[in-house]
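I have placed the structure first, in the form of structure tokens, so that the comments after it can refer back to it.
A note on names: the letters A, B, ... follow the listed sequences, proteins ahead of strands, and every chain is numbered from 1.
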Amino acid sequence: MRTMSTLVARLLNRLQPAFDALEVGADPVLRTSDRADFQVNGAMALGKRLGRNPRDVAQEIVDRLELSDLVSDVEIAGPGFINLMLSNEALVAQLEIMGSDQSLGVPAGPAATVVVDYSAPNVAKEMHVGHLRSTVIGDSLCRLLEFTGSTVIRRNHVGDWGTPFGMLIEHLLDLGEENAVEGLSMGDLNTFYTEARAKFDADDSFKERSRNRVVALQGGDEESLRLWRVLVGESVRYFDAVYRDLGVLLEDYDVVGESHYNPLLDAVVRDLDAEGLIVESGGAACVFPPGFTNREGEPLPLIVRKSDEGYGYAATDLAAIRDRVDTLGADRILYVVGAPQAQHLEMCFAVAAMAGWLGEETEAIHVAFGSVLGSDRKMFKTREGGTVKLKNLLDEGVERARQALIERDADEDLEIIARQLAMGAIKFADLSTDRQRDYVFDWDRMLAFEGATGPYLQYAHARICSIFRRADEGVEAGPIALDEPAERALARHLVALPDAIDATLESYSPSKLCSYLFELAQSFTTFYEHCPVLRAPDDATRASRLSLCELSATTLRVGLDLLGIEAPERM
RNA sequence: GCGCUCGUAGCUCAACGGACUAGAGCAUCUGACUACGGAUCAGAAGGUUGUGGGUUCGAAUCCCGCCGAGCGCACCA
């Protein structure tokens, strides 16, 4: 367990007793500020509660503060703000901690087991942009959670069960197993699915066969299961290829699809019934969690078993909650699932709570995200109106990045770097907008090398690496001094990494880390313009600036890695 | 109809109930190439925060009404 504390934690340690002296537990309301390094706003609210002049309260707090080792200047301003300027010594000390720590001074959070449910494509169906968001956001959250000491269990809840498998298996047989496998391994899942669907809609005998096949499959027929496994296997292999392209951490063993929960479904209904929660309605076994109503204002059920005795996704999701809590020991379950599923998930969580499967000590959180839109602000589609294949999208990104590199006469490792740039661009564009909102997919904006983009951050990193390549033998980083404003501004930004990560995990919003990194890159380039490093006026200054470069590069690289973005040394 | 999410600069987005100038980026305009990678930097311009009320010493932020957008609302997942 890492124990180092951040500057914010240290400031709070000093502030809290001063506030407690006036009112136990009063919140200092410590915030960053554009007028100082930090501002403390708590004196105003406290003054009001105590019926005293807030400026006097602020003064009394300041009188009680012992901050001289951290802060160089304290000022009371306006109606009762307390402005704090960090001392350069404190900044340098914090930078030294960062430099000597593998985790860059980011403290570990409380140890917890977190199950992250993300990506979740459907077997025998193409991955599309919706899966992109889930995959990219989920992957980043996993990386962040692991970085801060949580035990992360990834669950790729693929759609590998249900009525469509009857028609898919029959279609597989019609094509001939070998032919079908060949087509599937080339990743042409859309064609396969659409053909099956078309036959199902047009051909009654096919429809009949499909239905019989579902029954056989669900009844455990060996041959049907074998064919089903072929479909699943080929699809998972295809998903893997996309994950490798994207550079996400999902592995085969993270694939735990809907079928995994089949053996647990009977118990879900039985145990809900034992709790007296099951109500039969229209032949279906339902639970009516309070507070949910339908179009007519009547209570809305969560249907755990359909009137045809089959199970729907509600049963599966409930079984998954139990499995994750009981078997995996989850303290928290994150569902990185699109915003339209909000009501369904809320109902599942509510029912799980009613049944006692989710309690005080375990929480389920819907990490919802908005849709990817085209330039017309409608759901992102191809020109012909079809679904955009994720694979094609990624390939197009690589091609565009390659062209951009060729225009700039870069030819070294062109293929590798084009891929890194493209994935960085796509991921950063996705992660940097608030995940709740819909966002417009725009190649030109995300691949621009200006502005808040992946390539800009990668470029900032590559430039720093170039400094080290050019440094002469024997020129090394050394003790940091913060004499120039640009040096101090950079230092101030560097030490805020723990706060950025905190805020990111607090709200499960990688966009906050994106903003932090973009601002860091900006303050680095400002420093870079104003403060010559290799041509610094003297050795001590050069050594100090090299240290700042080193820390900046490491912070950018680690930060980008937490987003799942690579930081090439040249580009 | 009910519920959820959301309306901030021409465009894409920030802002955890706090400060006289509501911040960035893109695009626009003006500067800086004797360059440690100009895929850059410095600067300008651009906003009665959808609208009308309310709470507060203080509201983009909280509450209510209205207008507008997207999504969801019983057996497909």
Side-chain angles (χ1 to χ4, degrees), chain A residues 29-35 39 41 44-45 47-48 54 77-81 83 120 122 159 161-164 258 281-286 288 291-308 310-314 316-317 338-344 346 368 370-371 373 377-379 404-405 407-408 410 421 429 432-434 436-440 442 444-445 448-453 455-456 458-460 462-471 503 506-507 511-512 515 518-519 522 525-526 528-536 542 545-546 549 570-571:
Chain A
V29 195
L30 178 66
R31 297 284 134 88
T32 53
S33 173
D34 48 356
R35 316 202 160 203
Q39 58 184 42
N41 302 335
M44 288 173 289
K48 179 171 176 119
F81 297 98
N83 292 334
N122 291 310
W161 202 250
T163 45
E258 293 168 348
S281 174
C286 303
F288 289 88
F292 296 91
T293 54
N294 70 9
R295 226 178 285 270
E296 280 73 45
E298 297 152 355
L300 185 66
L302 188 70
I303 295 173
V304 286
R305 193 179 55 212
K306 299 183 286 183
S307 54
D308 67 0
Y311 292 108
Y313 75 149
T316 307
D317 286 338
Q341 298 285 337
Q343 184 174 268
H344 165 71
E346 273 172 42
S371 310
L373 308 178
R377 302 210 55 102
K378 298 267 169 58
M379 293 296 282
L405 285 168
E407 273 169 37
R408 290 176 170 77
L421 272 175
S432 61
T433 44
D434 185 305
Q436 301 257 34
R437 302 171 70 122
D438 298 344
Y439 83 97
V440 176
D442 181 343
D444 291 335
R445 195 180 319 128
F449 298 121
E450 297 100 33
T453 66
Y456 173 87
Q458 289 170 320
Y459 175 67
R463 274 168 127 192
I464 307 175
C465 293
S466 152
I467 295 173
F468 286 99
R469 275 198 301 276
R470 285 172 179 271
E506 172 86 17
S507 54
S511 65
K512 301 199 173 175
S515 301
F518 175 64
E519 285 160 17
Q522 277 189 313
T525 44
T526 299
Y528 179 87
E529 293 286 327
H530 292 87
C531 303
V533 178
L534 296 177
R535 296 177 195 165
R542 182 172 59 199
R545 288 177 182 172
L546 277 168
C549 288
R570 302 165 192 262
M571 50 192 276

**Asked** CZ of A:Arg570 versus P of B:G37: gap in Å, rounded?
**Response** 11 Å
**Request:** With the side chain of A:Leu534 defined as its heavy atoms from C-beta on, choose the nearest nucleotide among B:C36, B:A39, B:C73.
**Result:** B:C36
**A:Gln436 CD to B:C13 P, straight-line distance once rounded to whole Å** = 14 Å
**Message:** Applying side-chain hydrogen bond (donor to acceptor under 3.5 Å, both in side chains), can you list everything that pairs with A:Asn41, at least two apart in sequence or on another chain?
**Reply:** A:Gln39
**Prompt:** Among all residues two or more places apart in sequence or in another chain, which pass the ring pair (Phe, Tyr, Trp, His ring centres under 6.0 Å) test with A:Tyr528?
**Reply:** A:Phe524
**Prompt:** Checking all strands, does A:Tyr528 fall into the base, sugar-phosphate, or nothing category for heavy-atom contacts under 4.0 angstrom?
**Reply:** base
**Message:** Would you say that more than 12 heavy atoms from the other residues, nucleotides or ligands in this model lie under 6.0 Å from the CD of A:Glu506, or not?
**Reply:** no
**Asked** Which residues satisfy the ring pair (Phe, Tyr, Trp, His ring centres under 6.0 Å) test with A:Phe518, sequence neighbours excluded?
**Response** A:Tyr456
Shorter than 3.5 Å, N or O on both sides, protein versus nucleotides 41-45 of chain B: list them out with atom names.
unit_1 : atom_1 : unit_2   : atom_2 : d
B:C41  : OP1    : A:Tyr456 : OH     : 3.0
B:C41  : OP1    : A:Thr525 : OG1    : 3.1
B:A42  : OP1    : A:Thr526 : OG1    : 3.2

**Request:** Go through B:A39, B:C75, B:A74 for me and flag the one nearest to the A:Ala284 side chain.
**Result:** B:C75
**Fill in**
Between the CZ atom in A:Phe468 and the CZ atom in A:Arg463, the distance rounded to the nearest 0.5 Å is 14.5 Å
**Request:** For A:Thr32, report the nucleic acid contact type (base, sugar-phosphate, nothing); a contact means any heavy atom under 4.0 Å.
**Result:** base
**Request:** In whole angstrom, give the distance that lies between atom CD1 of A:Ile464 and atom C1' of B:A39.
**Result:** 15 Å
**Asked** A:Gly159 near the nucleic acid: base, sugar-phosphate alone, or nothing, with a heavy-atom cut-off under 4.0 Å?
**Response** nothing
**Asked** Do any side-chain nitrogens or oxygens of A:Arg437 fall under 4.0 Å of OP1 or OP2 in B:G7?
**Response** yes
**Item:** Non-neighbouring partners of A:Tyr313 that pass ring pair (Phe, Tyr, Trp, His ring centres under 6.0 Å), sequence neighbours left out
**Value:** A:His344
**Request:** Using a heavy-atom cut-off of under 4.0 Å over every strand shown, decide if A:Asp434 touches base, sugar-phosphate, or nothing.
**Result:** sugar-phosphate
**Prompt:** Using a cut-off of 4.0 Å on non-hydrogen atoms, how would the nucleic acid contact of A:Ala503 be classed: base, sugar-phosphate, or nothing?
**Reply:** nothing
Filtered N/O pairs between nucleotides 57-60 of chain B and protein, under 3.5 Å:
unit_1 : atom_1 : unit_2  : atom_2 : d
B:C57  : OP1    : A:Lys48 : NZ     : 2.9

Can you pull every protein N or O that's under 3.5 Å from an N or O on nucleotides 62-65 of chain B?
none

**Message:** Does A:Glu506 reach a base, just sugar-phosphate, or nothing at all? Heavy atoms under 4.0 Å.
**Reply:** nothing
**Message:** Between B:G52 and B:U28, how far apart are the two C1' atoms, rounded to whole Å?
**Reply:** 35 Å
**Fill in**
Per-residue pairing states of RNA chain B in dot-bracket (Watson-Crick or G-U under 3.5 Å; . unpaired, | other strand) read (((((((..((((....[....)))).(((((.......))))).....(((((..]....))))))))))))....
**Message:** Please enumerate all residues that pass ring pair (Phe, Tyr, Trp, His ring centres under 6.0 Å) together with A:Tyr311, with sequence neighbours excluded.
**Reply:** none
**Asked** Between B:C2 atom P and A:Glu296 atom CD, what is the distance in whole Å?
**Response** 13 Å
**Prompt:** Roughly, in whole Å, what's the span from CE in A:Met571 to P in B:G37?
**Reply:** 14 Å
**Message:** Does B:C36 have OP1 or OP2 under 4.0 Å away from a side-chain N or O of A:Arg535?
**Reply:** yes
**Prompt:** On RNA chain B, nearest-nucleotide positions of A:His344 versus A:Gly297: which is more 5'?
**Reply:** A:Gly297
**Request:** Ignoring hydrogens and angles, tell me if any N or O in the side chain of A:Arg437 forms a donor-acceptor pair with the backbone of A:Gly370 under 3.5 Å.
**Result:** no
**Prompt:** Within the stacking criterion (centroid distance below 5.5 Å, interplanar angle below 30°), does A:Phe81 stack on B:G18?
**Reply:** no
**Request:** Side chain of A:Lys306 only, please: which of B:A39, B:C6, B:C75 is the nearest?
**Result:** B:C75
**Complete:** Contacts of A:Val29 and A:Thr163 projected onto RNA chain B by closest heavy atom; the upstream (5') one is A:Val29
**Message:** What's A:Asn83 touching, base or sugar-phosphate or nothing? Going by heavy atoms closer than 4.0 Å.
**Reply:** base
**Request:** Report which part of the nucleic acid A:Cys531 touches: base, sugar-phosphate, or nothing (heavy-atom distance under 4.0 Å, all strands).
**Result:** base
**Asked** What is the distance, rounded to the nearest whole Å, between atom CD of A:Glu346 and atom C1' of B:G72?
**Response** 10 Å
**Prompt:** A:Arg445 side chain N/O closer than 4.0 Å to the phosphate oxygens (OP1, OP2) of B:C13?
**Reply:** no
**Request:** Using side chain to side chain contact (heavy atoms under 4.5 Å, CB included) as the criterion, list what pairs up with A:Ala404, not counting sequence neighbours.
**Result:** A:Arg408, A:Phe449
**Request:** Give the minimum heavy-atom separation between A:Asp438 and A:Ser371, together with the two atoms involved.
**Result:** OD1-N, 2.8 Å
**Asked** Sequence neighbours excluded, which residues qualify as side chain to side chain contact (heavy atoms under 4.5 Å, CB included) partners of A:Thr316?
**Response** A:His157, A:Glu258, A:Tyr261, A:Leu265
**Request:** Select base, sugar-phosphate, or nothing to describe what A:Tyr311 touches, counting heavy atoms under 4.0 Å on all strands.
**Result:** sugar-phosphate
**Complete:** Here the distance between atom C1' of B:C16 and atom NZ of A:Lys512, to the nearest Å, is 7 Å
**Request:** Rounded to whole angstrom, note down the P distance from B:C2 over to B:A22.
**Result:** 38 Å
**Item:** A:Lys48 side chain near A:Pro54 side chain, heavy-atom distance below 4.5 Å
**Value:** no
**Request:** Record whether the side chain of A:Tyr459 comes under 3.5 Å of the base of B:A39 through a donor-acceptor pair of N or O atoms.
**Result:** no
**Minimum-distance nucleotide (side-chain atoms of A:Ser466 versus B:G37, B:C16, B:A24)** = B:G37
**Intermediate values then yes/no, side-chain contact (heavy atoms from CB on, under 4.5 Å), A:Arg445 and A:Thr453** = CA-CA 8 Å; A:Arg445 195 180 319 128; A:Thr453 66; 5.7 Å; no
**Request:** Look at all strands and tell whether A:Ala452 reaches a base, only sugar-phosphate, or nothing, counting heavy atoms closer than 4.0 Å.
**Result:** sugar-phosphate
**Fill in**
A:Asp442 CG to B:U12 P, in whole Å, measures 10 Å
**Request:** Look at all strands and tell whether A:Ser307 reaches a base, only sugar-phosphate, or nothing, counting heavy atoms closer than 4.0 Å.
**Result:** base
**Fill in**
Of all heavy-atom pairs linking A:Cys286 and A:Ile303, the shortest is SG-CG1, 3.9 Å
**Message:** Whether the side chain of A:Asp34 and the base of B:A15 hold a donor-acceptor pair under 3.5 Å is what I'd like checked.
**Reply:** no
**Sugar-phosphate, base or nothing in reach of A:Ala314, heavy atoms under 4.0 Å** = nothing
What does the list of N/O pairs under 3.5 Å between the protein and nucleotides 67-71 of chain B look like, with a distance for each?
none

**Request:** Please confirm whether any donor atom in the side chain of A:Ser281 sits under 3.5 Å from an acceptor in the base of B:A74, or the reverse.
**Result:** yes
**Message:** When the P atoms of B:C73 and B:C66 are compared, how many Å lie between them, rounded to an integer?
**Reply:** 24 Å
**Request:** Looking at every strand, decide which applies to A:Gly282 at a 4.0 Å heavy-atom threshold: base, sugar-phosphate, or nothing.
**Result:** base
